Amino acid sequence: MSDAHPIRSHEPGLSVGARIIAVLVLVAIGAVSAWFQHDARHQSAEPRTEFTAHNPPAGLPTALTTGQHLRWSGCTSPSTARTGYDCATMKTPLDYRKPDGRTIGVALIRRKATGPNSRRIGSLVLNFGGPGVSGVVGLPEFLNQYEPLLDRYDLVSFDPRGVGATIPVHCVQTAGDTGDAGTDACPGHSRALLPYVSTSRTARDLDLMRYLLGDERLHYFGVSYGTALGAVYAHLYPSHVGRLVLEASVDPTEDLDEKQLSQVKAVQAAFDRFAVYCAAHIRHCPTGDGPEEAARRMARLADRLKKKPAPAGTGKHLDADDLAYAVGKRLGRGKDGWTPLAKALIALIDHNDGRPLSKGVDVSGSADRATPPPDDSRDALVAITCADSSLRPGFERLDRDQARIKAASPVFGATWSSGVYLCYDWPFDGEHTTLQVNADGAAPVLVVGGTGDPTTPYAGARNMAHALGEGVGVLLTAREEGHGTYPHNRCVAEKIDRYLRTGRTPAPGTVCRGSMS
């Protein structure tokens, strides 16, 4: 599924594909927003001992297992990784049903552990969300989050299938294309790759990666969509599960349409809490005296932006769909983002200035959507989501689901509702209706959920912990606003760090207090 992912409403001149992709990006980038780059501590001068695993993935040719060695060297891209990082390419089958057939290269990046060899546990593989987020770009960008773990782990990330440097999918139309973006353009550009970018195939890549990194068991930290990938791995390889953290977990019991409905309800609830706070604490609150007045004011603002989008800097404009998208993303930053959100709305309402609200958000505006994005993250999000989901609804269900989503949220419903069209005419079958994550026999997996998460609602974390199986899924609850709680919630950070260092999970039912306490 896409743990993400907002959709654009029906406006003249705006393709369904473009609307879908633009809204879908919310969750994908929501999983990684508000993180800042920071240099790691100096590497240890002690000679390094490499680890060796003795349990290669079954069914693969020896040329890919015992005959393959990762050749780490300095990274040339991105520019932020040119100092202190190593990069490598892992060969893996394009089609695991034909393991002796065509291979692909999976792009990897590593930051070596800084602690002594005697204390090093192995590699901690990170996935920052999406689907569609590049780990090669993400590790340098978000290193500060995980720096405390560098004394015990090499930090490793990668570009999943369809993303970045790993068989990238290209869907969004360019100046030479005549069709819609998304479901129309993907097959035209990347038809040969689309059947092979599902989460289950990336999970199989993870097991080969684990072996080549020298670990008998996979140690993994997945955020948002990354929790789906980690849970699928645990289902496929329960005996290879080491220390797995699933943070801001998706809900494995919901299909794609149910996820969209749950998400729009969650983001509306977060906005209502913001409106209550704004009315009580912010002078000249732009949303008025509470949630009902906030919904009316946002509707008037959206109508104004439909008629005339607001300037958003560098030639871009912010329209009604961008308004919902930008507000939703800022709600994902938690309570610390509420005062900046209020100020940004004041600038937009009073001065027609869309720059503060759109800062750090990929807004485009209806006049600018012919310009392709700078990377393939949106394309990968569509392709991976549709490779995973088997839903191909007819028009009767599309109309019904769209109406349900619109009715569920006065502020975000219209924009989110176009998401029902995401995969309806996708040219290939998806793998499942809901995620298969039962991992009986696996080591304990730590599942973390925030009660105020507007992107992956808290119920998803509860359901994930249960679905992993008795004695496997361990739920850690954070009474916290925002999408994701690590590391800014100190209690959550302490519990996760201790688990990753020692393997000891928190006691069942543990609750960390935060901004909602």
Side-chain angles (χ1 to χ4, degrees), residues 38-58 60-76 81-92 105-127 135-136 138-140 142-159 204-222 230 233-234 237 239-245 442-446 496-504:
H38 189 278
D39 288 333
R41 294 170 296 195
H42 296 296
Q43 299 291 322
S44 171
E46 180 185 5
R48 177 182 170 88
T49 300
E50 298 296 341
F51 293 175
T52 301
H54 300 92
N55 55 343
L60 295 184
T62 57
L64 297 179
T65 56
T66 56
Q68 180 177 191
H69 303 279
L70 297 176
R71 300 183 182 276
W72 296 100
S73 61
C75 301
T76 58
R82 290 175 185 167
T83 301
Y85 296 87
D86 302 317
C87 287
T89 300
M90 178 183 74
K91 289 185 178 180
T92 187
V106 177
L108 309 181
I109 187 170
R110 176 181 69 178
R111 184 84 170 193
K112 288 183 181 178
T114 57
N117 284 317
S118 60
R119 292 178 54 80
R120 184 157 54 94
I121 295 168
S123 295
L124 180 65
V125 179
L126 303 165
N127 181 281
V136 173
L139 184 59
F142 314 135
L143 179 64
N144 70 300
Q145 286 229 77
Y146 307 97
E147 189 177 7
L149 299 168
L150 270 173
D151 64 331
R152 307 300 300 276
Y153 289 96
D154 291 345
L155 299 183
V156 176
S157 196
F158 66 104
D159 286 352
R204 289 176 168 85
D205 294 342
L206 268 180
D207 200 51
L208 179 57
M209 191 185 308
R210 167 202 60 79
Y211 171 75
L212 294 176
L213 289 170
D215 291 332
E216 297 280 323
R217 294 176 177 241
L218 177 70
H219 308 303
Y220 174 87
F221 196 132
Y233 178 89
Y237 304 102
S239 65
H240 293 175
V241 169
R243 300 169 189 177
L244 265 64
V245 175
V445 174
L446 183 57
I496 289 178
D497 289 352
R498 186 180 71 172
Y499 165 68
L500 288 173
R501 290 190 175 106
T502 68
R504 296 196 302 270

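These numbers were taken from a predicted model, which means no experiment stands behind them.
- Relative to the ring axis of Phe51, Arg120 places its NZ or CZ within 45° and under 6.0 Å from the centre.
- Counting only distance, with no hydrogens or angles, the side chain of Arg243 and the backbone of His219 share no donor-acceptor pair below 3.5 Å.
- With hydrogens and angles ignored, the 3.5 Å screen pairs a side-chain donor or acceptor of Tyr499 with a backbone N or O of Leu244.
- Residues Trp72 and Ala88 approach most closely at CE3-CB, 3.6 Å, considering heavy atoms.
- Looking at heavy atoms from C-beta onward, Pro140 lies in side-chain contact with Ile109 at the 4.5 angstrom threshold.
- Between Leu500 and Arg152, every side-chain heavy-atom pair lies at or beyond the 4.5 Å cut-off.
- The structure places CG of Leu139 at 11.0 Å from CG of Leu108, a figure rounded to the nearest 0.5 Å.
- Panel note: side chain Asp215, backbone Ser123; a donor-acceptor pair is recorded below 3.5 Å.
- Atom OG1 of Thr65 sits about 6.5 Å away from atom CG of Leu60, to the nearest 0.5 Å.
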Exercise. Going through the checks in order, is the side-chain contact (heavy atoms from CB on, under 4.5 Å) test met by Arg210 and Asn55?
Worked result: CA-CA 10 Å; Arg210 167 202 60 79; Asn55 55 343; 2.9 Å; yes

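- Side-chain atoms of Asp159 come within 3.5 Å of backbone atoms of Val136 as a donor-acceptor pair (strictly under, hydrogens ignored).
- The closest side-chain heavy-atom distance from Asp154 to Arg48 is below 4.5 Å.
- Here the OG1 atom belonging to Thr92 is positioned 5.0 Å from the CG atom belonging to Leu208, to the nearest 0.5 angstrom.
- At distances below 3.5 Å, not a single donor-acceptor pair connects side-chain atoms of Thr62 with backbone N or O atoms of Gly67.
- Contact detail for Thr89 and Gln68: the closest heavy-atom pair is O-OE1, 4.3 Å.
- The backbone N or O of Gly74 sits nowhere less than 3.5 Å from a side-chain atom of Arg82 that would complete a donor-acceptor pair.
- Contact record, Met90 with Leu70: CB-CD2, 3.9 Å, taken as the closest heavy-atom pair.
- Classification of Asp86 and Arg110 as a salt-bridged pair holds, one side-chain N sitting under 4.0 Å from a carboxylate O.
- Closest heavy-atom contact between Phe158 and Asn127: CZ-ND2, 4.4 Å.
- Listed by chain and residue number, Ala443 satisfy the side-chain contact (heavy atoms from CB on, under 4.5 Å) test with Arg217 (two or more places apart in sequence, or in another chain).
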Exercise. What do the steps show when you test Phe221 against Ile496 for side-chain contact (heavy atoms from CB on, under 4.5 Å), and what is the final call?
Worked result: CA-CA 10 Å; Phe221 196 132; Ile496 289 178; 3.7 Å; yes

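- Taking the side-chain contact (heavy atoms from CB on, under 4.5 Å) definition, one finds that His54 meets it with Thr52, Glu216, sequence neighbours left out.
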For this session: Kindly indicate, with the supporting measurements, whether the criterion side-chain contact (heavy atoms from CB on, under 4.5 Å) is fulfilled by Arg501 and Asp151.
Result: CA-CA 10 Å; Arg501 290 190 175 106; Asp151 64 331; 3.9 Å; yes

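- Between Asp207 and Arg204 there is no salt bridge, since no side-chain nitrogen of the basic residue lies less than 4.0 Å from a carboxylate oxygen of the acidic one.
- Between atom CG of residue Asp205 and atom NZ of residue Lys91 there is a gap of 14.5 Å, rounded to the nearest 0.5 Å.
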For this session: Would you check, one step at a time, whether the test side-chain contact (heavy atoms from CB on, under 4.5 Å) holds for Leu124 with Val245?
Result: CA-CA 10 Å; Leu124 180 65; Val245 175; over 6 Å; no

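- Between Tyr220 and Tyr233, the ring centre distance reaches or exceeds 6.0 Å.
- Residues passing the side-chain contact (heavy atoms from CB on, under 4.5 Å) test with Ser73, sequence neighbours excluded: none.
- Within the 4.5 Å cutoff, no side-chain heavy atoms of Leu218 are placed close to those of Tyr237.
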